[in-house]
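Along the sequence shown, the residues carry numbers beginning at 1. Both counts, for ligands and for their atoms, begin at 1 and track the order of listing. Computation of the quantities below employed the complete heavy-atom set of this structure, encompassing side-chain atoms and omitting hydrogens, waters and symmetry-equivalent molecules.
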Amino acid sequence: MDITFIDFLQHCSEYGELSIIEEERTVPFSIKRVYYISKVPENTRRGFHAHKTLQQVLVCVQGSCKIMLDDGKEKMDISMTQSGKGLLIDSCIWREMYDFTEDAVLLVLASAYYDESDYIRDYDTFLRRLKE
Ligand code: TYD
C-alpha cells in the first residue's frame, strides 16, 4: 500500500515550532471540516470504518498514536509521532486508531462536511465494495 505523508512547512526556532497547512496547497483538497480527537483512554481503539468519498489528512499535533490502514489487500500500522507531518487517507481505506498517549491530540482535516451516509462501518461491506 502506498502511504502518503505530507511534510508541512515549519518555522522552528528557540521560541518553538510553527507548522503551516494550506488547503489545496499543502493538503490536496479544499478543507471543509476540521476536528480533533483527544483524551482517549488507555487501550482504546477507535475508527473501525472507511469512507465512500471523503479524503482526510491526520496530524498528531501532540503526543503520539498509531493508525492501522487497510486497503482490503494489505494492512499497515503507522506511528504518528511528528506534529510536522500529515498522513493522507484516501477514500475506501479502512482505519483504526489506537495506542493514544494520554496527552495525544489527533487533528483531522476533511474534504467534506460530516455525512453519516459516507461512512462504511461494516468490514464485510467494505470488502464487498472494493470488488464492485
Ligand atoms: P466517528 O467518526 O465514528 O469517530 P471515530 O472514527 O474516531 O471512532 O465519530 C464519533 C461520533 O461523532 C459519531 O456519532 C459521529 C459523530 N461525529 C459528528 O457528528 N461529526 C463529525 O464531524 C465527526 C467526525 C463525528
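Checking atom 11 (C) of ligand 1 against the protein gives no heavy-atom contact under 4.0 Å. Checking atom 14 (O) of ligand 1 against the protein gives no heavy-atom contact under 4.0 Å.
Both the sub-6.0 Å distance and the 45° axial angle are satisfied by R45 relative to the ring of Y98. Remark: R121 qualifies as a cation-pi partner of Y119 under the 6.0 Å distance and 45° angle criteria applied to the six-membered ring.
Using a non-hydrogen distance threshold of 4.0 Å, R121 registers as a contact of ligand 1.
Nearest to atom 22 (O) of ligand 1 among the protein's heavy atoms is R33 NH1, 2.5 Å. The closest protein non-hydrogen atom to atom 8 (O) of ligand 1 is G47 N, 3.0 Å. Among protein heavy atoms, atom 6 (O) of ligand 1 sits closest to H49 CE1, 2.8 Å. Looking only at protein heavy atoms, the nearest one to atom 25 (C) of ligand 1 is Y114 CE1, 3.8 Å.
Side-chain contact of Y35 with Q56: a donor-acceptor pair under 3.5 Å is present, judged by distance alone.
At a heavy-atom cutoff of 4.0 Å, ligand 1 is contacted by no atom of F48, backbone or side chain. At a heavy-atom cutoff of 4.0 Å, ligand 1 is contacted by no atom of V108, backbone or side chain.
Residue D2 places its CG atom among 12 or fewer non-hydrogen atoms of other residues, nucleotides or ligands, all under 6.0 Å distant. Around the CD atom of E24, the shell of radius 6.0 Å holds more than 12 heavy atoms that belong to other residues, nucleotides or ligands.
Between atom SG of residue C92 and atom CG of residue L130 there is a gap of 6.0 Å, rounded to the nearest 0.5 Å. The CD1 atom of I31 lies 7.0 Å from the CD1 atom of I21; values are rounded to the nearest 0.5 Å.
Remark: ligand 1 atoms within the under-4.0 Å shell around heavy atoms of Y119 are 1 (P), 2 (O), 24 (C). Atoms of ligand 1 found under 4.0 Å from any heavy atom of M97 (numbered from 1 in listed order, with element): 6 (O), 7 (O). Ligand-side atoms of ligand 1 in range of I37: 7 (O), range being under 4.0 angstrom from any heavy atom.
At least one N or O atom of R46, backbone or side chain, sits closer than 3.5 Å to an N or O atom of ligand 1.
Taking the six-membered ring where tryptophan is involved, the planes of Y123 and W94 are perpendicular, since the angle between them exceeds 60° and thus also 30°.
A pairwise comparison of heavy atoms in I67 and M80 identifies CG1-CG, 3.5 Å as the closest pair.
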